[in-house]
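In what follows, a structure is listed as structure tokens, so that the remarks can point back to it.
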Amino acid sequence: MDLFEYQGKELFARWAIPIPEGKLATTPDEAASAATTLGGKVVVKAQVQVGGRGKAGGIKLADGSDETRQAAESILGMDIKGHIVERVLIEKASDIEDEYYASILLDRAAKKYLLMVSSKGGMDIEEVAANEPDALAKIHIDPLLGLQSFQVNQLVFGSGIDAKARSGAAEIIRRMFALFIEADATLVEINPMILTGQGEVLALDSKVSLDDSALFRHPDFEELREVVATDPQERMAKERDLNFIKLDGDIGIIGNGAGLVMATLDVVDQAGGRAANFLDVGGGAGADDLSNALEVVLSDTKLGSVLVNIFGGITRCDLVAEGIVDAVGRLDVRVPIVVRLDGTNAEEGRRILSVASHPQIVPAETMSEAAGKAVEVKV
Amino acid sequence: MDLFEYQGKELFARWAIPIPEGKLATTPDEAASAATTLGGKVVVKAQVQVGGRGKAGGIKLADGSDETRQAAESILGMDIKGHIVERVLIEKASDIEDEYYASILLDRAAKKYLLMVSSKGGMDIEEVAANEPDALAKIHIDPLLGLQSFQVNQLVFGSGIDAKARSGAAEIIRRMFALFIEADATLVEINPMILTGQGEVLALDSKVSLDDSALFRHPDFEELREVVATDPQERMAKERDLNFIKLDGDIGIIGNGAGLVMATLDVVDQAGGRAANFLDVGGGAGADDLSNALEVVLSDTKLGSVLVNIFGGITRCDLVAEGIVDAVGRLDVRVPIVVRLDGTNAEEGRRILSVASHPQIVPAETMSEAAGKAVEVKV
Amino acid sequence: MAIFIDNSTKVVVQGLTGQQGSFHSLRNRDYGTAIVAGVTPGKGGQKIEGIPIFDTVSEAAVETGANVAVSYVPARFAPDGILEAADAAVGLVVCITEGIPANDMARVYKHLKRSDSTSLIGPNCPGLISPGKSNVGIIPGEICIPGPVGLVSRSGTLTYQVMHELTTMGIGQSTCVGIGGDPIVGTSFIDCLERFEQDPETKLVALIGEIGGDEEEKAADFINANMETPVVAYIAGFTAPPGKRMGHAGAIVSGSKGTAQAKAEAFEAAGVRVGKNSTEVAELVKDALASIG
Amino acid sequence: MAIFIDNSTKVVVQGLTGQQGSFHSLRNRDYGTAIVAGVTPGKGGQKIEGIPIFDTVSEAAVETGANVAVSYVPARFAPDGILEAADAAVGLVVCITEGIPANDMARVYKHLKRSDSTSLIGPNCPGLISPGKSNVGIIPGEICIPGPVGLVSRSGTLTYQVMHELTTMGIGQSTCVGIGGDPIVGTSFIDCLERFEQDPETKLVALIGEIGGDEEEKAADFINANMETPVVAYIAGFTAPPGKRMGHAGAIVSGSKGTAQAKAEAFEAAGVRVGKNSTEVAELVKDALASIG
């Protein structure tokens, strides 16, 4: 689960990572009143989960409530790379003396945590790594041992940040690590981490991803999740416990198992089509799951066809077929549904579909054939 | 630092390990009023840091304030193996259905923590290990990984405790481990851990030792330490930061380095004497340390002689000699002080002593000679 | 022969008294696998369909000689279960459970690598099957036949798809291993490739990868440097958009890293032919086997 | 030759800018030891008596080629210091610091044993000296002369006493190692005995033990099973009362375990002669050397 900047900063505040004073606003009026409360110059920042909002005009400096209202008016509702801005963060403007970078993530290749600090902030860190490796300190943290003080030293001295910023940065690194472990994050990134003219070190931006699998340990994070899932179709899938990702094609995809669904997207592409989504009903899906999955996928009005690709293992094809029959019975189905069933009880499943003989159900024998048909029958 | 039962139970309460309700008393009146507050039958328990208090009459059952007052009167002031009882713990009597054993300590051979649980409580655990190994479950805990749930299962199932006690015992084991790590203990022992008629599992006794080296992490434990050091001579040594242990002979021993002092005790024994104490002035001791050490050792009125055995390394023998001269100048020295100096600046040290030519200072050339003389010159 | 499991395999099931555990374990037993024990603390002494239940894995291993543990316990208890099986020295632990927090697995992985006496397959994997010998986990035994192809995959149903196509063509398998789709899994492609290379029964290996991480790239290097046995590969996720987690926690393209294209190129550079879909992979396997003779 | 340290030893000092660290390190340098670097975070770039200071051990090791680290940092920072030196792969870490909490050392010990590339001597030890070659720590170099006796001890000043008696008799030492008196130390008697056994310069080993633990008993078993080089022993604490901690955190007799008597008997059973005091030990060494010829 990827958090918005302001949500990440809420966590920063809880883990005592210093941030500029700020307030969230969803309307220009709220923004103006936030500016009044904060006083002085403020920064109005679009809350979107995509890079490059600065270049897109999603960050504006403002002085006083009027300027802030205007800035918020121009930013709220803006479309930044397909993300509509629904919230802005109003923050006190900082007196930036220098900009740094700090992050922590799970390095799956090393099976350890990777901490990185750079004296070059506000830039893409892969670029810094490639062009100015001396400005970047990287260390691995043993998951059993945890972060050691000497490693914090290696980061602050090795990255070449200003001597004035060392103790503040060291403290932030320790707290970032605590947040990462205690909140079960998969990424915590501060870019830029700044040194102010007053000698403070602050997190000016936040990028935090949480481990969905660990949410059972953090019931209080559920409310973060509610805000994150803003797309109505994605929310619909989440409510039905389906693994759904919105894509930009017009062929709806349903399958069982992440690998098989990915492979299905590829085969559709090879057949000249484009997938409208990724939907994995998971292992052991029953009739209800299939029926729900079709409901979610069919709610996309731009759809041309649907491909259901099931390889039965734990999942029984007869139940899958029942789910499809149920869905086409209760929903207004305006596009063809190509169905390919194989594995456990596949014959029985095919029989059920053939008995139902719904005009929109198109049977297919193999994955490739199914993909071809899904492209062919598109309306 | 070894704690009294009631101090260990204060820690148990902080780490949510269930204990019987109880109150500490230092007078019969306090004991009587504690009994009234607690109500019902109580147990009056001598607070001493030595085993076998039960057999010595240090534990009595009482019903009501009068019986409790009488019991406290008989126990307070009692001498149990050289330990004078200054405090009694008044506890609500428990309805004991079964008695178990649980402990955790650092196993220095394995370099891991050792957790033990037995279904035979109230007995010496070494005896259980020898005679009824099936009633004892032992597991090692990896210091980096910590206690795992499966290990708790291995203990409660492996020890053969009653099924009714399993979940209560499992919870106590988890909390014991948390206490052990978080309080930097070197031993936590519950013997007996009981199952009551009501199905609760309680710690009926406590034995807790804390790691002195870790006290810097636990400033709140300093008050426990003050109570523990009750011997006036030991308290005097502690105030002067000297490593002192009271023994039962009549030759005072001062040396630098734990190994050398132990060896000195042995040599005195071989010479037919008995040491009155162990006193290590530590590495790099100066004149003040020596002077203080002599003051502490000489405060023992049963003393016959003193042996000062110094091998100079970081420690300079000239400073040692100055400290001795200072001490004999300001104190009323009624016993001979045999002094052996070797190593750094030994000659200068011997010269200083010879110039001072105090009647009680007896020089010696070697360790063996010094030990022999200390026995010989005893008054 | 085969790798990891064969006729000598004796399985203790963690979570046998649960719904998933009992369903699949009984299916495994029907396949011919020796399911010798179950573990559920507090239910020791009971029996499930004739299989004795113990309170701890170590007790089960001592009493029954189990040499493989398979775990179906819920995600929050699964890390402890893996550690318990390792502690009981069963040798191989297969963790089917999905949704284990990454931090928990990082710690478990580190601990297992220290001791080195236990292999872990998974978590979040379908298990493994040595057709005609032993089946541990949720792979449907019906779609396999014994034969010369070793199969290793990060995916579940996609593996079934490939197995099915091979079987339909009459090509059998020595062992099929689903290593799991999480960012941290106990057994890597390389671990399996090493074993297949040593296994005289395995004449060819089919590797099924997917987007995310760099395990496929490492496998390509390994094949290039160390393998005589021919390998064909298949990568899922050519059309996956960057930054989106495609079902598996491990399946995510970060920046320019972990793309299917990069992985396919790494394999091709190592002389490994890469199929574009499951049918093509099966064809490549058939051709390669024919050329071995 | 010698063990652990010799003429090729280059030392980086953790805590060189502190009082203890500078005092002993300069003494070590006067003895002839190559003290090549100091580490104090934030003081990188400075010099102490010509010795360059670095912010981190890894930087110091890279810049100076240091292959031994010695630590004088306060107890609460010392565990981190040991880990840092191990991380910088200096090979040998000597920790003089006393008073490190046992829990901290348990974790550090476990971590070091996992990697196995770093040896730790101490903590709470006087260090070690290879007379005439190198001196790392606080052992007074004046009381040693080069020669054939390897010395290993849990104690500090008691070791000096024995070294002094040997030197006075004209018997020199190959290496004297103080392994430290804490319950958990990085290097055991056995680790040193193994090295002495391999060292052609060491003709005889003197082992100085004390009450507590079972390291002496294990050493006796090891000597019996693996050593050609003769060993003589000395145990301090015959008259120590049970349950009292005799200065060293490790020196405590628990119940019937860890007594000097038991340890002496273990040695004698292994054919190791045990002296009753330091003078007797020196005499035993002299006799044994004479009988080797």
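Convention: sequence-line order gives letters A, B, ...; per-chain numbering from 1.
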Point-to-point distance, once rounded to the nearest 0.5 Å, from CD of C:Q161 to CD1 of A:I310:
11.5 Å
A:F311 versus chain C, heavy atoms under 4.5 Å apart: side chain, backbone, both or neither?
both
Heaviest contributor of heavy-atom pairs below 4.5 Å to chain A, chosen from C:T159, C:I208, C:I100, is C:I100
C:V162 versus chain A, the contacting section by heavy-atom distance below 4.5 Å:
neither
Around atom CZ of C:R273, are there more than 12 heavy atoms from other residues, nucleotides or ligands closer than 6.0 Å?
no
Can you establish whether the number of heavy atoms outside C:K286 located under 6.0 Å from its atom NZ is more than 12?
no
Segment of A:R217 engaging chain C (4.5 angstrom heavy-atom cut-off):
side chain
Atom OG1 of C:T168 and atom CG of A:D342: how far apart are they, to the nearest 0.5 Å?
7.5 Å
C:S278 and A:M367 have their tightest heavy-atom pair at OG-SD, 4.1 Å
As a test of understanding, state which of A:V267, A:D266, A:T264 forms a side chain to side chain contact (heavy atoms under 4.5 Å, CB included) with C:N277.
A:V267
Nearest heavy atoms of A:S213 and C:P101, plus distance in Å:
O-CG, 3.7 Å
Comparing C:A106, C:P140, C:S155 against chain A, the one with the most heavy-atom pairs below 4.5 Å turns out to be C:A106
Under 4.5 Å heavy-atom distance to chain C, tell me which part of A:I245 shows up: side chain, backbone, both or neither.
side chain
Most chain C-contacting option - heavy-atom pairs closer than 4.5 Å, from A:D280, A:T186, A:D184:
A:D184
Which atoms of C:E215 approach chain A - backbone, side chain, both or neither, heavy atom under 4.5 Å
side chain
What are the two closest non-hydrogen atoms of A:M262 and C:I211, and how far apart are they?
SD-CG1, 3.6 Å
Apply side chain to side chain contact (heavy atoms under 4.5 Å, CB included) to residues A:D142 and C:K110 and explain how you reach the verdict.
CA-CA 8 Å; A:D142 183 314; C:K110 199 78 204 165; 3.5 Å; yes
Does a side-chain heavy-atom distance below 4.5 Å link C:H24 with A:I314?
yes
Ignoring hydrogens, what is the shortest heavy-atom contact between A:G313 and C:Y160? Give both atom names and the distance.
CA-CE1, 4.3 Å
Quick one: what part of A:F180 sits under 4.5 Å from any heavy atom of chain C, side chain, backbone, both or neither?
both
Do the side chain of C:T157 and the main chain of A:N256 share a donor and acceptor less than 3.5 angstrom apart?
yes
Which pair of heavy atoms, one from C:T239 and one from A:L265, lies closest together, and at what distance?
OG1-CB, 3.3 Å
Report the C-alpha distance between A:L106 and C:I184 in whole Å, list the side-chain angles of each, state the deciding distance to 0.1 Å, and finish with yes or no for side chain to side chain contact (heavy atoms under 4.5 Å, CB included).
CA-CA 10 Å; A:L106 176 66; C:I184 296 184; 3.9 Å; yes
Look at atom NZ of A:K111 and say whether more than 12 heavy atoms of other residues, nucleotides or ligands are closer to it than 6.0 Å.
yes
Is it true that atom NZ of A:K138 has more than 12 heavy atoms of other residues, nucleotides or ligands lying nearer than 6.0 Å?
no
Indicate the atoms forming the closest heavy-atom contact of A:G259 with C:L158, along with that distance.
O-CD2, 3.6 Å
Report, as yes or no, whether the 6.0 Å neighbourhood of atom CD on A:Q148 holds more than 12 heavy atoms from other residues, nucleotides or ligands.
yes
If you tally heavy-atom pairs under 4.5 Å against chain C, which of A:L260, A:D107, A:T344, A:T366 wins?
A:L260
Please answer whether the main-chain N or O of C:A102 pairs with a side-chain N or O of A:D211 as donor and acceptor at a distance below 3.5 Å.
yes
